[in-house]
Amino acid sequence: GENVEQHPSTLSVQEGDSAVIKCTYSDSASNYFPWYKQELGKGPQLIIDIRSNVGEKKDQRIAVTLNKTAKHFSLHITETQPEDSAVYFCAASNPGGSYIPTFGRGTSLIVHP
Amino acid sequence: NAGVTQTPKFQVLKTGQSMTLQCAQDMNHNSMYWYRQDPGMGLRLIYYSASEGTTDKGEVPNGYNVSRLNKREFSLRLESAAPSQTSVYFCASRTAYGYTFGSGTRLTVV
């Protein structure tokens, strides 16, 4: 089955800096890669996703890149703000797995004012 | 805009007690899921229901049962709770690809 590794487990940055979270996956058939943000006491919320026919996708201050050859994808947050502090999860899914995602273990992002 | 609603939000059980976690979605999604979240372990799938009338095991189904009551509701039952089931439980429903999660149930088994 699919295996998703996520790094780092904790990331601490100063407000205004950029943050990068990296994930690798094992199943070359995976073709959909969502990212979720989980704020304290809440459920995860989808913030951005990318499909395997696209190399990069941006939405305001967040972007996701995908390297299919190397089987890794990354979340980039620019101009970080304290409200970006949360746990971020990457995931990978494919048609063979009924599109049920395999999640990474999460990255706790702390943005210091 | 309720989305996915879970009840209760918090629960403390004694070892051996039973309980049912309730989940309902109002988005007319076919697929519904139950996950547990433990520190450092990410989100692990317990059971899922691809459509009304069907249920399937996920990665960690032991000690749990589920019922897809209708298209809206998907419940998770612990027949005899164990301390290892102390966790935060999330219900989710799915569009073509992305999930909508509920706000979770924090369960402690003592």
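When reading the values below, keep in mind they use all heavy atoms of this one structure, side chains included, and skip hydrogens, waters and symmetry mates. Letters A, B, ... are given to chains in the order of the sequence lines, protein chains preceding strands, and every chain is numbered from 1.
By the 6.0 Å contact criterion, CD on A:Glu79 is open, its count of non-hydrogen atoms from other residues, nucleotides or ligands being 12 or less. Annotation for A:Glu83: atom CD counts as buried by contact number, over 12 foreign heavy atoms lying within 6.0 Å. Within a 6.0 Å radius of CD in B:Gln11, other residues, nucleotides and ligands contribute more than 12 heavy atoms. More than 12 non-hydrogen atoms from other residues, nucleotides or ligands lie less than 6.0 angstrom from NZ of B:Lys71.
Residues of residues 100-110 of chain B lying within less than 4.5 angstrom of chain A, judged on heavy atoms, are B:Phe101, B:Gly102, B:Ser103 in numerical order.
The OG1 atom of A:Thr102 lies 11.5 Å from the CG atom of B:Leu43; values are rounded to the nearest 0.5 Å. To the nearest 0.5 Å, atoms CZ (B:Phe90) and NZ (A:Lys42) are separated by 12.0 Å. A distance of 6.0 Å separates CZ in A:Phe103 from OH in B:Tyr99, rounded to the nearest 0.5 Å.
Looking at every heavy atom in both residues, A:Phe89 comes nearest to B:Gly42 through CE2-CA, 3.8 Å.
There is no path of hydrophobic side-chain contacts, each under 4.5 Å, that joins B:Val60 to B:Val88. A:Tyr88 and A:Ile110 fall into different hydrophobic clusters, where Ile, Leu, Val, Met, Phe, Trp and Tyr residues are linked whenever their side-chain heavy atoms come under 4.5 Å apart, directly or through other members. Cluster membership for A:Val64 and A:Leu109, using ILVMFWY side-chain heavy atoms within less than 4.5 angstrom, is shared. No path of Ile, Leu, Val, Met, Phe, Trp and Tyr side chains, each step under 4.5 Å between heavy atoms, connects B:Tyr48 with B:Leu21, placing them in separate hydrophobic clusters. Linking ILVMFWY side-chain heavy atoms closer than 4.5 Å, directly or via other members, places A:Val4 and B:Leu45 in two distinct hydrophobic clusters.
Only the side chain of B:Gln37 comes within contact range of chain A, judged by heavy atoms closer than 4.5 Å. Of the two parts of A:Gln6, neither the backbone nor the side chain holds a non-hydrogen atom closer than 4.5 Å to a non-hydrogen atom of chain B.
Chain B forms more heavy-atom pairs under 4.5 Å with one residue of A:Pro44, A:Gly41, A:Gly106, A:Gly43 than with any other, namely A:Pro44.
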